[in-house]
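Given the structure is predicted, the values throughout are model-derived calculations rather than measurements. Atoms within each ligand, like the ligands themselves, are counted from 1 in listed order.
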Amino acid sequence: MSNAHLHELFVDELRDILGAEKQLLKGLKKLTDGAVSEKLKHAFQTHYEQTEGQIDRLKQIFDSIGLTARGKKCKAMEGLLEEADEIMESFEGSPSSDAALIAAAQKVEHYEIASYGCLVTYAKLMGHNEAEELLTETLAEEKDTDGLLTEIATSEANVTA
Ligand SMILES: [Fe+2]
């Protein structure tokens with residue numbers, strides 16, 4: 001793939017994930033409100049703050065390649081959050097409600113991990129060092145969040161389920 005085409009793809013994917021992160025802020029508020037376990041509530045709150053930081057980081061990344069940060073609506077995130085709404089409604093008041101929220105949130109995390117993973121690769125291929133570094137930081141946060149959710153699922157959410 002030529003550099004110009006890869007650059008186009010890189011920018012398109014950056015816009016998608018910027019849109020996705022912004023959409024997720026709303027979703028995380030709902031997940032926080034829906035969580036029963038304090039530990040899970042706290043994990044969602046923490047990830048909300050992290051997501052705000054990730055949005056700032058994306059702005060820095062756009063800046064580093066000389067572009068204005070502009071997101072676009074992410075259809076995948078929209079669908080994931082729609083499903084999260086559905087599953088929250090279906091399991092509201094059930095002993096499995098936290099496990100259901102975790103499942104929804106982990107699907108989101110895996111989408112983000114896939115997106116940032118690709119972006120890191122593109123940045124590396126094009127020699128955008130600053131972008132690569134910033135994207136790698138975010139990727140690590142997403143993986144940590146995913147791991148934390150697994151830990152909560154194993155330690156409490158599914159115990160009462
Ligand atoms: Fe994120």
Side-chain angles (χ1 to χ4, degrees), residues 6-35 37-65 67-88 97-126 128-155 157:
L6 187 57
H7 178 77
E8 212 177 299
L9 180 61
F10 182 60
V11 173
D12 198 70
E13 290 284 319
L14 280 175
R15 291 196 169 131
D16 177 271
I17 198 71
L18 178 56
E21 296 288 15
K22 288 182 176 170
Q23 289 161 246
L24 179 58
L25 285 177
K26 230 185 247 174
L28 280 168
K29 278 242 183 290
K30 285 193 201 167
L31 288 169
T32 307
D33 290 343
S37 131
E38 278 308 313
K39 205 169 171 185
L40 185 57
K41 239 183 223 306
H42 187 250
F44 287 145
Q45 263 159 4
T46 304
H47 197 54
Y48 184 95
E49 284 154 30
Q50 265 176 346
T51 301
E52 287 180 321
Q54 292 171 352
I55 290 170
D56 285 341
R57 218 177 266 142
L58 282 167
K59 290 177 182 161
Q60 257 176 278
I61 291 163
F62 274 102
D63 206 47
S64 77
I65 54 168
L67 291 176
T68 312
R70 193 155 49 85
K72 66 172 191 181
K73 184 171 173 185
C74 173
K75 288 180 192 154
M77 185 59 78
E78 186 181 41
L80 286 165
L81 293 176
E82 253 172 45
E83 273 201 16
D85 276 347
E86 262 174 39
I87 200 172
M88 272 172 75
S97 66
D98 274 358
L101 297 193
I102 291 174
Q106 284 195 297
K107 288 179 192 178
V108 168
E109 286 316 306
H110 282 238
Y111 177 74
E112 293 192 305
I113 289 167
S115 300
Y116 283 110
C118 290
L119 283 165
V120 168
T121 304
Y122 303 157
K124 192 183 291 196
L125 284 170
M126 289 183 294
H128 293 318
N129 298 335
E130 190 185 345
E132 184 192 341
E133 214 171 283
L134 293 163
L135 289 163
T136 302
E137 276 176 47
T138 297
L139 179 61
E141 281 178 1
E142 307 292 16
K143 285 183 181 169
D144 284 350
T145 300
D146 183 50
L148 178 63
L149 289 171
T150 299
E151 198 189 294
I152 297 174
T154 319
S155 67

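- Angle OE1 (Gln54) to the Fe ion (ligand 1) to OE2 (Glu21): 90°, rounded to 10°.
- Residues Gln45 and His42 have side chains that never bring a donor and an acceptor to within less than 3.5 angstrom of each other.
- The atom of Glu142 nearest to the Fe ion (ligand 1) is OE2, with the search restricted to N, O or S atoms.
- Between Met77 and Glu112, the closest side-chain pair of non-hydrogen atoms falls below 4.5 Å.
- With a 4.5 Å cut-off on side-chain heavy atoms, Thr32 and Lys29 do not count as touching.
- For the pair Arg57 and Glu141, the salt-bridge criterion is met [side-chain N within less than 4.0 Å of a carboxylate O].
- Glu112 contributes atom OE2 as its closest N/O/S atom to the Fe ion (ligand 1).
- None of the N, O or S atoms belonging to Gln50 lies under 2.8 Å away from the Fe ion (ligand 1).
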